[in-house]
Each structure stands twice: as structure tokens, then as C-alpha cells.
Amino acid sequence: CAITVAKELEIYPIIDLKINSDSLTCFGTQINFSVSAPNANYKYDWDFGDKNSYADNYSNVLSPSHIFSGLGNYTIVLSAYDDRGCTYFTTKEITITSIVENVDIRSSSNNKCPGDTLTLSTYYPYYKYKWNTSETTPTIKVVDPGKYIVTVYNEAGCLKESFDEI
């Protein structure tokens, strides 16, 4: 004698939960976060891994923004809860950076006589350069007296500016 018992089970699909944001950004910049596949029926809890921002370290809105309290690496944790009691987690690493050193321009000579050509450069290498002469190289050659300004950028786009009067 055989007894067959059947029960219908509903298997819920696993959601593809991803955090959308930059992974590298400048200190003091507001970062906007979003979910790759938002669902209005879910409850979202964000932990930005930024304990020094106290209550601002957490959010429960779908697409929050956050300004990190310092330089460094942070682990963002997103928890999503559906109406069936299932919980989903994902994380994302973010680096907050800045140009911390002073940007100083150095000259190939301390003395400039009329007609002399000077080479101007920065003391440290940077990712990108923009001079007020419209040149984008680490060094420029100048003949004319005047104010020379360089804006330097790191990989995240953080910038600092310096100038020198010749």
C-alpha cells in the first residue's frame, strides 16, 4: 500500500541586488546610491560603514546620498527585505580620496633674465594637469612674465590649484 502526498511549494527567485555608485570619489563629495533593480515592495536598509557620521551612517530610503566623514576605504552594506520574510544582502567597497599634499610649482631657475626660458613643474606627479596656458602636461616652458596657474587632478577627479608669479 502506497500513500502519495503532494504539496505545492512556491520557490521565490533570488533577486540580483547591486549597489550603483562610484567606487572612487573625492572627500567632501556627496555620493548618490541606488539599487540596480528596485522593488517598491521591499524595505531597504543602508549602512555606509562610516561610523564617524553617527546617525547619518544609516538610511532606509531607496536611493540615499551620503557625504563620508573622512578619507579611506568604506564597506557599504545594503539589506533588502521582501514581504515574504526573505532577506537579501550585498556590499560595495568605496574609497574616499583627496590630494593631501600641497601643490607647489617649481621653476628650473630662481633668476629670470629677459628672454630666458623657464620650465615650470609640480613637485609631485599627478594623474592630470591643466595650466592656465591651456597646456595639459606635467611641465611647461615659459618666456613671458606673468601669473602661471596649474590645476592638478588625481584618479578620482579631486583637484587642487597652485600658482606662481614670474
- request: Find out if a path of hydrophobic residues (ILVMFWY) with successive side-chain heavy-atom gaps under 4.5 Å connects W46 to I31.
  value: yes
message: Ignoring hydrogens, what is the shortest heavy-atom contact between V61 and Y44? Give both atom names and the distance.
response: O-CB, 4.3 Å
- request: Kindly give the heavy-atom pair with the smallest separation between C26 and I96, and that separation in Å.
  value: C-CG2, 4.1 Å
statement: Heavy-atom nearest pair, I105 first then S162, reads CD1-O, 3.9 Å
message: Just to verify, what does D56 make a salt bridge (charged side-chain N to carboxylate O under 4.0 Å, His left out) with, not counting sequence neighbours?
response: none
- request: Calculate, to the nearest 0.5 Å, the distance between atoms CD1 and CD1 belonging to I76 and I94 respectively.
  value: 4.0 Å
query: Salt bridge between D104 and R106, side-chain N to carboxylate O under 4.0 Å?
result: no
Where Y42 and A80 come nearest, the two heavy atoms and their spacing: CD2-CB, 4.1 Å
task: Please check if F27 and L24 belong to a single hydrophobic cluster, counting links between Ile, Leu, Val, Met, Phe, Trp and Tyr side chain heavy atoms closer than 4.5 Å.
output: no
statement: Distance col, row E165:CD vs I149:CD1, nearest 0.5 angstrom, shows 8.5 Å
task: Please answer whether the main-chain N or O of I99 pairs with a side-chain N or O of K160 as donor and acceptor at a distance below 3.5 Å.
output: yes
Which atom of N20 lies closest to which atom of K92, heavy atoms considered: C-NZ, 4.5 Å
query: So which pairs with a foot in residues 140-151 pass side chain to side chain donor-acceptor pair (under 3.5 Å), sequence neighbours left out?
result: T119-K141, T151-E161
message: Set out, in order, the CA-CA distance, both residues' side-chain angles and the distance that settles side chain to side chain contact (heavy atoms under 4.5 Å, CB included) for K51 and N57, then state yes or no.
response: CA-CA 6 Å; K51 304 302 182 208; N57 185 49; 3.7 Å; yes
- request: Please round to the nearest 0.5 Å and tell me the distance separating atom CD1 of I166 and atom CG of L120.
  value: 5.0 Å
message: To check you understand the geometry: which heavy-atom pair defines the closest contact between A156 and T97, and what is its length?
response: CB-CG2, 3.5 Å
- request: Determine yes or no for a side-chain-to-main-chain donor-acceptor pair under 3.5 angstrom, with D47 supplying the side chain and V77 the backbone.
  value: no
message: E135 and side chain to side chain contact (heavy atoms under 4.5 Å, CB included): which single residue from T133, N132, T139 fits?
response: T133
task: Write out all pairs satisfying ring-ring contact (aromatic ring centres under 6.0 Å, His included) with one or both partners inside residues 54-73, taking only residues at least two apart or from two chains.
output: F48-H66, H66-F68, F68-Y74
query: Using a distance-only test with no angle check, is there a side-chain donor-acceptor pair under 3.5 angstrom linking Y88 and D82?
result: yes
message: Side-chain heavy atoms nearer than 4.5 Å, only ILVMFWY residues, links allowed to pass through others: does that put W131 and Y153 together?
response: no
message: What's the separation between atom OH in Y81 and atom CG in D45, rounded to the nearest 0.5 Å?
response: 4.5 Å
message: Rounded at 0.5 Å granularity, tell me how far CG in D50 sits from OG in S69.
response: 3.5 Å
field: Reported CG-to-CG distance for the pair N32 and D22, which is rounded to 0.5 angstrom
entry: 9.5 Å
- prompt: Are I140 and Y124 joined in one hydrophobic group, where the rule is that I, L, V, M, F, W and Y side chains link up if heavy atoms are under 4.5 Å apart?
  reply: yes
task: Check whether Y129 and Y127 end up in the same hydrophobic cluster, where Ile, Leu, Val, Met, Phe, Trp and Tyr are linked by side-chain heavy atoms less than 4.5 Å apart.
output: no
